[in-house]
Amino acid sequence: MIGVDIGTTSTKAVLFEKDGTITAQANEGYPLHQPSPSIAEQDPEQISFAVIHTISEVMKSSGIAPEDVMFVSFSSAMHSIIAVDHAGIPLTACITWADNRSAKCAKRLKTELGGHELYLRTGTPIHPMSPITKLMWLREEQPELFSRTYKFISMKEYIFAKLFGEYVIDHSIASSTGLLNLEQLDWDREALELAGITPDRLSTLVPTTHIMKGLQGGLAEELALLPSTPFVIGASDGVLSNLGVGAIKPGVVAATIGTSGAIRTVVDRPLVDPKGRIFCYALTEKLWVIGGPVNNGGMLFRWVRDEFAASEVETAKRLGIDPYEVLTRIAEQVPPGSNGLLFHPYLNGERAPLWNPDARGSFFGLSMNHHKEHMIRSVLEGIIFNMYTVLLAMEEIIGRPSQILATGGFARSSLWRQMMADIFDQETIVPESFESSCLGAVVLGLYATGETASLDIVFEMIGSTHKHTPMDEHAAIYKKLLPIYISVFRSLESQYEAIAEFQREQAGE
C-alpha cells in the first residue's frame, strides 16, 4: 500500500505492509515562494514532479512488482487554489494556505457580507487561508484572468487531473474551501454567489473513498505501476493525521506540529463553534474532524536555524549531525520558561486562536540576562503555548480531552514532546510512526477498497509509543506564564494591523 502526502514544503510517499510496517519511503522537497509578507505560492509543476518522482522512487527502492501494490491513497494540504484553462494549463501559481493577499476580502466577508452565517454552514473560519476569499480577491484584482479561467482547483485536483484527465474533489478538501455546505455535502449556493462562480467552474464532488483507475499515457510505466492500480482520492492531511495516530475516538485529541500545526478531534456529525474559532472538515460521510489550525509550527524552528544559528549549523556539518539536534541540545540547557522570555510565534500571521492575518511575532520580557539559547528555547515554548490556547477554545465545546496524541516532525524531539506534556499539563502520547498522514491515507485506502470494514484497523498498525508525563515543577512554571502570554497578544491585537500595513507599504504591495 502506498500512502502519498502532498505537503506544503515536500511530498512524501511511503510504502506500507498490511501490518503497518514501512518498507520504503521517499521525500521530494520544493520551495514556498514568499517574496513579501502576503505572498505564499508554489509551482504546480514542481509539486506534480515530486508526486511522480516519490512514487517511482518508492517502487524502485523497494523492488516490489507492480502487481503487488494494492492501491495508492492520497493525503494533501488544504486551502490551495490554482486557476487553469480548458487545456488544464495553470494560469496562476498554486496559491497556498499561507497566502494573505485576500486579507481585505476576508475582513469584508467577516464584517459586511454575512461571514459568520457562512461559517456556520461551511465549517471553514473566515480567513485569507480560505479559497472562497482567494476567489473573491482574484475576481477583484485580476478580473480578466478570473473570467477566462476554466476551473478553480486545489493542488490535489491538479495532480489527479494529470493522472486521470478528470477534475474531481473529495469531500474533505472541499470542506476546507468555505464553499461546501456541511449538511448537504454539496456546494453552498450563497458561497458560490459570493465567490462569483457557478458549480461547473469547480470539480465534481466525490467521497474520500472514491477510487480511480486507468492512468493516462505513459504514467503507469513512469510510476512502475499497473495502469489498473487503484488510486484512492483520500482526504486532507489534517484529518488523515488524526486517523494515522489513532485519534478517532471521542475525547482523543491529536496535536500536530509540522510546517504549521493543528489541534483536532473526531466527532460523528458536523459541529461548529458559535464563536467561529474552530474548523469542521470531513473524514468520511460519517466522521468529521473539528479543531484549530496554526500557521506557525516547525517553520519557525527552521527560521531560528537560518537566522540565528549559522555557527551551530557549521558545527553540525563538521560533526555530521542534524543542525536541529544541536539547537535542541542548546535549548535543553535553559530552564523551563526561558527565564521569563516569552515568544509569540505569529511571524506568518495567524489562524487559530487569533484568526488574524495581520498578527506579527514578538519576544516579550527580553533583558540583558537573556542570550541566544534563551531565545531558541522560548521559540519552541511559544509554539506550544499557542497550540495550548487553541485547545482551551476547543475545551469549551468538547470538554477536557481524555488523551493527547502528538504527531508531526516535532515528535522526533524528546525535549519538544516533554515541553508539550508540561505546558498542556497532561500526559502526551506519541505513536511510533511519524508519517501519520501517509498512514491515515492507507488506512482510508483499506476501507475504500473493502479490505477492512472499520477504520479501527489503524490500532493494529500504529506500533509502539512514547509517553511523556508532565513534570509538576515545570507545569507550575508554565501555568504562571500562560496568563501573561495570553494578555500580551491580546493587548497587541490593536497594533497588528498598523504594523502589517506598514510592512506591506515597505514591500510595495
Side-chain angles (χ1 to χ4, degrees), residues 8-9 29-47 77 79-85 89-113 115 126-149 152 154-155 178 195-196 259-260 294-297 299-300 302-308 310 343-351 354-363 379 489 492-509:
T8 303
T9 55
Y30 31 77
L32 179 65
H33 302 292
Q34 294 183 289
S36 78
S38 297
I39 299 173
E41 296 182 331
Q42 292 175 315
D43 182 347
E45 284 305 301
Q46 287 182 327
I47 303 177
H79 310 301
S80 60
I81 277 284
I82 307 168
V84 297
D85 64 15
I89 298 172
L91 301 176
T92 65
C94 177
I95 305 172
T96 72
W97 60 269
D99 194 286
N100 283 325
R101 283 175 289 178
S102 63
K104 290 181 179 178
C105 292
K107 185 175 182 179
R108 191 168 73 251
L109 178 58
K110 183 181 290 188
T111 59
E112 301 174 18
L113 300 175
I126 307 303
H127 185 270
M129 70 172 186
S130 174
I132 186 174
T133 68
K134 293 177 170 66
L135 289 171
M136 293 170 66
W137 173 77
L138 280 171
R139 185 178 60 172
E140 293 176 10
E141 297 296 323
Q142 301 185 50
E144 190 274 333
L145 180 148
F146 188 88
S147 64
R148 64 189 176 93
T149 296
F152 295 100
S154 71
M155 193 62 241
T259 304
S260 55
V294 301
N295 282 359
N296 302 280
M299 65 167 62
L300 298 193
R302 185 173 68 238
W303 172 73
V304 168
R305 180 199 68 186
D306 294 344
E307 303 301 332
F308 291 175
F343 177 72
H344 291 84
Y346 311 133
L347 273 64
N348 199 36
E350 193 49 283
R351 291 179 287 176
L354 277 65
W355 294 108
N356 186 347
D358 290 334
R360 292 295 182 264
S362 62
F363 285 100
V379 168
F489 78 64
L492 289 175
E493 279 191 286
S494 62
Q495 303 303 319
Y496 286 145
E497 184 176 359
I499 196 66
E501 184 60 34
F502 176 80
Q503 290 172 343
R504 284 191 284 267
E505 289 174 0
Q506 294 298 297
E509 294 183 20

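Atom set for the values below is all heavy atoms of this structure, side chains included, hydrogens, waters and symmetry mates excluded. Everything numeric here is computed off the predicted structure, so don't read it as measured data.
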#### Entry: Least distance between heavy atoms, Phe343 atom then Val379 atom
CD2-CA, 3.6 Å
### Query
Does any non-hydrogen side-chain atom of Lys104 lie less than 4.5 Å from one of Glu141?
no
### Task
Over all heavy atoms of both residues, which pair between Gly178 and Ile132 is shortest? Give the atoms and the distance, please.
O-CD1, 3.8 Å
Taking only distance into account, with no hydrogens and no angle test, what donor-acceptor pairs under 3.5 Å do side-chain atoms of residues 32-39 form with protein atoms, sequence neighbours excluded?
| from | atom 1 | to | atom 2 | distance (Å) |
| --- | --- | --- | --- | --- |
| Ser36 | OG | Ser38 | N | 3.4 |
| Ser36 | OG | Glu509 | OE2 | 2.2 |
| Ser38 | OG | Glu509 | OE1 | 2.8 |

### Closest heavy-atom pair and its distance - Leu300, Pro345
CD1-CB, 3.3 Å
### Nearest non-hydrogen partners of Leu354 and Tyr346, listed with the distance
CD1-OH, 3.6 Å
#### Entry: Lys134 side chain vs Met129 backbone, donor-acceptor pair below 3.5 Å
yes
### Query
With side chains defined as the heavy atoms from C-beta onward, is the minimum distance between Arg148 and Asp85 less than 4.5 Å?
no
### Query
Between the side chains of Arg360 and Gln503, does any donor sit under 3.5 Å from an acceptor?
yes
### Message
As an exercise, state the distance from CD1 of Ile126 to CZ of Arg108, rounded to the nearest 0.5 Å.
### Response
12.5 Å
### Query
Can you name the nearest heavy-atom pair linking Gln42 to Thr96, along with the distance?
OE1-CG2, 3.6 Å
### Task
For residues Ser154 and His79, determine if any side-chain heavy atom of one lies less than 4.5 Å from a side-chain heavy atom of the other.
no
### Query
Are Trp97 and Ser80 close enough, and set up right, to give a side-chain hydrogen bond (donor to acceptor under 3.5 Å, both in side chains), and what steps lead you there?
CA-CA 6 Å; Trp97 60 269; Ser80 60; over 6 Å; no
### Task
Could you tell me whether the side chain of Ile82 reaches within less than 4.5 Å of the side chain of Ile95, counting heavy atoms only?
no
### Message
Rounded at 0.5 Å granularity, tell me how far CG in Leu145 sits from CG in Leu91.
### Response
5.0 Å
### Message
If you compare all heavy atoms of Phe146 against all heavy atoms of Leu135, which two are closest, and at what distance to 0.1 Å?
### Response
CE1-O, 3.5 Å
### Query
Are Asp99 and Ile81 close enough that some pair of their side-chain heavy atoms sits under 4.5 Å apart?
no
### Message
To the closest 0.5 Å, what do you measure between OG (Ser260) and CG (Asn296)?
### Response
9.0 Å
### Query
Okay, side chain of Thr92, backbone of Ala83: is any donor-acceptor separation there less than 3.5 Å?
yes
### Query
Salt bridge between Glu41 and Arg101, side-chain N to carboxylate O under 4.0 Å?
yes
### Query
Any Lys/Arg nitrogen of Lys107 or Asp358 sitting under 4.0 Å from an Asp/Glu carboxylate oxygen of the other?
no
### Message
Are the side chains of Ser102 and Met136 in contact, using a 4.5 Å heavy-atom criterion?
### Response
no
### Query
Are the side chains of Asn100 and His127 in touch, meaning some heavy atoms are under 4.5 Å apart?
yes
### Task
Kindly compute the distance separating CE (Met299) from OG1 (Thr259), expressed to the nearest 0.5 Å.
6.0 Å
### Message
Check whether Asn295 reaches the backbone of Asn348 with its side chain - one donor and one acceptor, N or O, closer than 3.5 Å.
### Response
yes
### Query
So do Val84 and Phe152 actually touch side chain to side chain, heavy atoms under 4.5 Å?
no
### Query
Taking Asn356 for the side chain and Glu350 for the main chain, is one N or O donor matched with an acceptor at less than 3.5 Å?
no
